[in-house]
Asks: 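Can you keep this structure in mind? I'll have questions shortly.
Letters go in sequence order (proteins before strands), and every chain restarts at 1.
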Amino acid sequence: MAGYKARLERDLDRWIAKGLTPAESREAILASVTEGPRVDASTALAVVGALLAAVAAVAFVAANWDAIPRLGRFALILSVFLAAAAGAAWAGRLRPILANTLLAVAAIIYASAIGLTGQIFDIAGDPQTALRAGGLAAGLLALGGRSSGAAIVSLALLGFGEFADASFQGVAPQHSFRWLVFAAAAGLALAWLWNSRPLAHAASLALIIGVITFIAVPNRHAVGLIFIGAGFGLATLAAAARWISPQRTASVVMLWSVWGALLLFAVGGFDDLEAGKIVHRAAWVVASGGTIALGMHDRQGMITAAGVVSMIAAVGAVLFDLGLGLMTSAGLLAACAVAALVVGLVVRRRRASA
Amino acid sequence: MILVVRILAAAGLLVALLVGLVIREDVARAGGREVRLAIGAIDPRSLLSGHYVDLQFVDEVPAGISCRRTIYLDGQEKWVLLQAAGDRHVFAGGVVGDDFQPPPGAVMVRGQANCLGGQEGRVGLDIGIDRFHADQDEAQAIQAALQRREGDPAFAIVSVGRDGRARLKGLQVGGKRTELTWW
């Protein structure tokens, strides 16, 4: 997909040809437009390769039980970690993508080193503590090196740690305390501060998952209403992000908040709401329609898509509530999907012909 | 320059924390009170995949205690009481809270005990140890010893530190003691 500057170049050439803009203004206009650094395919592949190399190094250390003594294995994994961190320090500000990638690699290696250390020296510990320790270590590396990659690794580890909790299986709900929702908030702040769209995506997704794990504690009362309330909370966040959009990462946060708000609102309606269920379904349909209108108004395709998906789900839920069989509901939903696809194709053709 | 210092400082701190953890655990393991616990079952399948032995501590419920009626056997207890019995320690009960003074010869370990369904009068101990990692040679030797033992009990050699945590020191199978070393 062409960037804004490339599209502007084409538009400028067209406007100059029609006499709408003086030709001598072309370079000055283009020079006034700044675009962030673009990551080409080779760089993306190099990043993926580095991450895979980190996993390979960890697997190598883990597998060589006979060849390397315990202390040697421990020293080796720490050396690999230090080498990645030192490489990131060397790359520093001159090669920011390399430094960012190496810090993410170092964060992965350190998280693995925690597990391997427990294995090498038979130190007992629960998986959640190990994952959270790895997440905190990755967070420290992210702050130290201003690395969005390490911050994403941190969020991922803390997210896995959330699901490694025994309380999540209903064993000890009184001991559950969730970290991800707070880590996601910190991630959003860092994404804003560093103007990092990848971190904004990861932190927004983590926020939705964090809110769900925060609420979904076994034996919690009125869980449906709490989900709906959280949905309103994310809708407020989306409104705030839209208000300050398009500054920095606000548009990314708005997009995910809209998806999250609709998801939480929808899920909340499947609890036992009794008479409130009718109100919920009506509000769901209205919110879906409003989201479609918002997406079309702001020309945000993914927000429109959220509204369409939500609308189809809402209609399906209403049909199910009315007592229609699953096959009938499935048929109606399929018809809705086909209709949406046909309308989408027609709109695209019209736009292309225009 | 500041960025370089920050990255190296963060990395150095993390390495120091991990090294410190290993040293602290080794000191606690060496300084703890040694107990030998019978291993109820050993799953040797894991030897082939990850070179570790799954450990299960299973013991008899002491006389006078009913699994169904005793509060501390419902998964909520904090401590497991172990009583010396000959050359080993056996399960003597569970304790809630930190104020309990163990009787002479008894050891309190952080953990919990759960009655085993389908095994009347048997209790499974969860003291935070569930596997023993070994090199491939060691693992195969343990496996061979397990096959030869013919009713001879296998033991886990456990160190109980001042903090009440159990740390694995080694295994004793077929009279052969295999201990954890730095090498």
Asks: Select one option (side chain, backbone, both, neither) describing which atoms of A:A113 are under 4.5 Å from chain B's heavy atoms.
Replies: both

Asks: For A:L82, which atoms come within 4.5 Å of any heavy atom of chain B: side chain, backbone, both, or neither?
Replies: side chain

Asks: Is it the case that the side chain of A:R248 and the backbone of A:L193 share a donor-acceptor pair, with hydrogens and angles ignored and the cut-off at 3.5 Å?
Replies: yes

Asks: Between A:L141, A:T117, A:I123, which has the largest tally of heavy atom pairs under 4.5 Å with chain B?
Replies: A:I123

Asks: Would you confirm whether B:S159, through its side chain, and B:R29, through its main-chain N or O, come within 3.5 Å as a donor-acceptor pair?
Replies: yes

Asks: Got B:L37 and B:I127 here, is their nearest side-chain heavy-atom distance under 4.5 Å?
Replies: yes

Asks: Given side chains that start at C-beta, do those of B:D87 and B:R36 come closer than 4.5 Å, heavy atoms only?
Replies: yes

Asks: Let me know if A:L103 has heavy atoms under 4.5 Å from chain B in its side chain, its backbone, both or neither.
Replies: side chain

